[in-house]
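Structure, as C-alpha cells:
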Number of protein chains: 2
Amino acid sequence: MAGIEEVARRAGVSTATVSRALSGRGYVSDATRLKVQDAAGELGYVVSSTASGLASGRTRNVGVVVPMLSHWYFSSVVEGAERALLRHGYDTTLYNLGGDAAERSSVFTHFLLRKRVDAVIAINLELTTAEVTALHDLDKPLVGIGGPLPGVPTLALDDVELARLATAHLVSLGHTRIAHIGGGQEFDVDFHLPSNRRHGYEQALEHAGLAVDATLVRSADFTLQGGYRAAKQLLGSPADRPTAIFAASDDMAIGAILAARDLGLSVPHDVSIVGVDDTQQAPFFDLTTIAQFPRRQGEAAVDVLLAELGELTPEEPTDFGLPFELVVRGTTTRPPRD
Amino acid sequence: MAGIEEVARRAGVSTATVSRALSGRGYVSDATRLKVQDAAGELGYVVSSTASGLASGRTRNVGVVVPMLSHWYFSSVVEGAERALLRHGYDTTLYNLGGDAAERSSVFTHFLLRKRVDAVIAINLELTTAEVTALHDLDKPLVGIGGPLPGVPTLALDDVELARLATAHLVSLGHTRIAHIGGGQEFDVDFHLPSNRRHGYEQALEHAGLAVDATLVRSADFTLQGGYRAAKQLLGSPADRPTAIFAASDDMAIGAILAARDLGLSVPHDVSIVGVDDTQQAPFFDLTTIAQFPRRQGEAAVDVLLAELGELTPEEPTDFGLPFELVVRGTTTRPPRD
DNA sequence: GTGAAAGCGCTAACAA
DNA sequence: TTGTTAGCGCTTTCAC
C-alpha cells in the first residue's frame, strides 16, 4: 500500500504538492500535476480516507437516512442518490431508521455525529428540531426529500396538486361518481401524504361542481390487498356504484383492478382506475397513473447537497417541487352510459 | 465538539485510559470505566471515527456491494445486513455496481481500497479473481451471498434442491405434465441460478420416472409480464396442456396465474402453480411457493463477517447453505381428472 | 508554484 | 491497572 511519501519521491516533489495535485485544491502547475498523477497511477496510490478526513475535516461520505429500504420507492431514491454521489467521488452510508426509538436516537448520536459523514439526506423522515439542530451545529448540510422539515431545504411532491390532476383526468372523461382509496390515519405520520392526496381529490371534485360523498372514500394501507378490499366495498353496492376510482398508489390501484375483475366488472368499461407511482407493474396492467421519479429525486437531493458543500454551482435556482406526470394508459375511459 | 482530552480531564485519567474504557480494549478497572463513561456522557463525547480509524486501522464500517438496489431481493438483503451491522456498532457503506464496467472498477480501486471499510459483503456478484485478491491483500474479510466465489466464504441457496422440492411437491400431488418457467440465458451470469433451478426441476421429474419434455420449458425474465407471456404459450395448447407450472420466481408465477385466468382456466382446479421467493404479494394470490429469507441472509452474512473480524465467536459452525421452505397455499392441488 | 513542518484526534506500545 | 509518548497518513498554513 503505497503512501503519499512514495508518490512524492517518485514524482520528485514534496508531499504537500502531491496532496494539492491530487485533490485539486491550491495551485499546482500543469506539468507537476501530470508528473504526480503518473507517479500515483504507477504506484496504485489511493489516499487514505481516514488520514485525509482527519487532516481536512472532510470525509467525502454522505449519510442517507431512510425509514425502510425494502420498498420500491425508498430503494429507488437511495439508488439514485448513491449513483449521483459516486459520480462526484462521494461514498454513501446508509442508515435505516425503521427500528425502535432507541435505535433511532443511537443512530443520531453515535453514528451521524461521529465525524463520519459530511452531510445527510433524510428521506421521508420527520426529524425533530433537536435532531436538525444537532446536525446544523456540526455544520453538516442536511437536505430532505418528502418534507417539509423546518429550516431544511426539502424536495417534495405537491400531493394536493398530484391528486387534483388524477381526479381532474377522471372528471374530464365525464365521470361524476369518483371514489378515492387513500391511506389511513396511521400513514399520515410522514408529512400527511394521505390527507393531502385526499384534499386534492376533494378540491378537484368541488372545482368541477361535483358533490364530495364521504361514502366514496375508503382508506387502506397502500398494498395490493388493501386496495382489493377497499375496491370490493366500493364496487359492491349495485345502485350507487362509482364509475371511477382514484387510488393513492399503484399497488392499491392494481388491487382495485383485480377486485373489479372478480366482481365481473370490466376495466375500464365499467370502472376507470387511476393510480400513483408508475411502478414497474403499471404497464403490465395498462394502468393509467401519475408517475413520480424516485431515482431522479435521489439525484436531485444530491445536487442540492453538493451545492451546499460547495462542490457544485447550480446554474438555475433549485426547484424544490418534485416533478410528476399523468401517464394515460388503458384503465381509464369515459363512464358507461346507463 | 468535546475531544478525548476533555473527557480525560473531567474523569481525572489519561487519554489512553479513556480510549481503553470506551472501546473495551485493554484493562480498565470497573470504577474508572464508570467514571469515564459518565464524563463522556456529560460532555456528549463521541469518538472521531477518522482519528480512531487512522490510529487503529479499523473503521467500523463495512462495504455492502450489490448489482442493483431497487428490487425486493437486494433491498431486503441489504436491510438485514444494515440492521445487523448497526447492532454491532458498524456502519454500512453501500456500493451499487449496476452501472458500466468503468464505474465498477472505479468502485474497487478508488472506494473500497481507500481504507474506508473493514470488510466487504458482496451480494450476487461474480467478482474477478483480481478483485478478490485485491481485497485479500488488504486483509479485508470478504463474504459473499449467492456464490460460489473462489476462495471466499459464501452463503448460497441450493437452487437445485430448491427446484427439486417445488417440483416434487407437484409430483406428489399426482401431476405428470409439469411445466417450468425459468430464467433465460442472459440471467445465467450470476451463478447460473436459472440453469440450476432447471436442473433441479429435471432431476425431480426423472426421479419420479417422468419424461422431461423440452416443450414444457420456457424462459422468461423473472417479471410478471414475462411469466404471463410464457404461461400463455404453455397453457394455450389445448391437447397437451400442462396441469402444473413451476415458475422460478413469484413474479413469474403471479403472471402465470393471471394468464390462466385470462384463458378462462381456474387455478388450481385446471392448473397448479408454484413460485419461488414468498414475496409480499404471494399471500394475496394465495400462492404456493418456496420461501427464501433475504433479510436473514443479510444477517447471516454479517455474522460470518464479524466472526472473521474477531468480533463474534460463533457457537456452532456456520451453515453456508441458506434455508428455504415450501409454503403450501391455495394455488396447488391434485390434477384435474379427465 | 512549491516546500517545511505543525498538527488533525486518537490508539497502542511500552514503562511504571 | 494506568500513564507517557510516539506515531497513524494526510492537509494546510506559512515561508520562500
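Chain naming here is simple, since letters A, B, ... match the order of the sequence lines and numbering starts at 1 in each. Heavy atoms only: backbone and side chains are in, while hydrogens, waters and symmetry mates are out.
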Show me, pair by pair, the donor-acceptor contacts under 3.5 angstrom made by side chains of residues 134-154 of chain B, not counting sequence neighbours?
| from | atom 1 | to | atom 2 | distance (Å) |
| --- | --- | --- | --- | --- |
| B:Lys140 | NZ | B:Val117 | O | 2.9 |
| B:Thr154 | OG1 | B:Val152 | O | 2.9 |

Throw together a table of side-chain donor-acceptor distances under 3.5 angstrom for residues 34-43 of chain A, partners on residues two or more places apart or in other chains.
| from | atom 1 | to | atom 2 | distance (Å) |
| --- | --- | --- | --- | --- |
| A:Glu42 | OE1 | A:Arg10 | NE | 2.6 |
| A:Glu42 | OE1 | A:Arg10 | NH2 | 2.9 |

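By the salt bridge (charged side-chain N to carboxylate O under 4.0 Å, His left out) test, B:Arg33 pairs with B:Asp30, sequence neighbours left out. Residues passing the side-chain contact (heavy atoms from CB on, under 4.5 Å) test with A:Ser48 are A:Thr50, A:Ala51, B:Lys115, sequence neighbours excluded. Residues passing the salt bridge (charged side-chain N to carboxylate O under 4.0 Å, His left out) test with B:Glu79, sequence neighbours excluded: B:Arg295. Shown here are the side-chain contact (heavy atoms from CB on, under 4.5 Å) partners of B:Arg60, two or more places apart in sequence or in another chain: A:Arg114, A:Arg116, B:Tyr90, B:Glu311. Legend: residues meeting salt bridge (charged side-chain N to carboxylate O under 4.0 Å, His left out) with B:Glu131, ordered by chain and number and at least two apart, are B:Arg104. Residues passing the salt bridge (charged side-chain N to carboxylate O under 4.0 Å, His left out) test with A:Glu308, sequence neighbours excluded: none.
Heavy atoms of B:Val13 sit under 4.0 angstrom from primed sugar atoms or phosphate atoms, though from no base atom.
Remark: A:Tyr27, A:Val28, A:Ser29, A:Thr32 in residues 23-41 of chain A come within less than 4.0 Å of DNA chain C through at least one heavy atom. Within residues 44-59 of chain A, the residues that place at least one heavy atom under 4.0 Å from DNA chain D are, in residue-number order, A:Tyr45, A:Ser48, A:Ala51, A:Ser52, A:Ala55, A:Ser56, A:Arg58.
Per the geometry, CG belonging to B:Leu43 stands 12 Å off P belonging to C:dC10, to the nearest Å. Rounded to whole Å, the distance from CD on B:Glu6 to C1' on C:dC10 is 14 Å.
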According to the Watson-Crick and G-U wobble definition with distances under 3.5 Å, which dot-bracket string, read 5' to 3', encodes DNA chain C, using [ ] for crossing pairs and | for pairs with another strand? ||||||||||||||||
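Heavy-atom nearest nucleotides on DNA chain D were determined for A:Ile4 and for B:Thr15, and the one closer to the 5' end corresponds to B:Thr15.
Taking a heavy-atom distance under 4.0 Å as the criterion, the stretch of DNA chain D touched by chain B extends 5' to 3' from D:dT1 to D:dG9.
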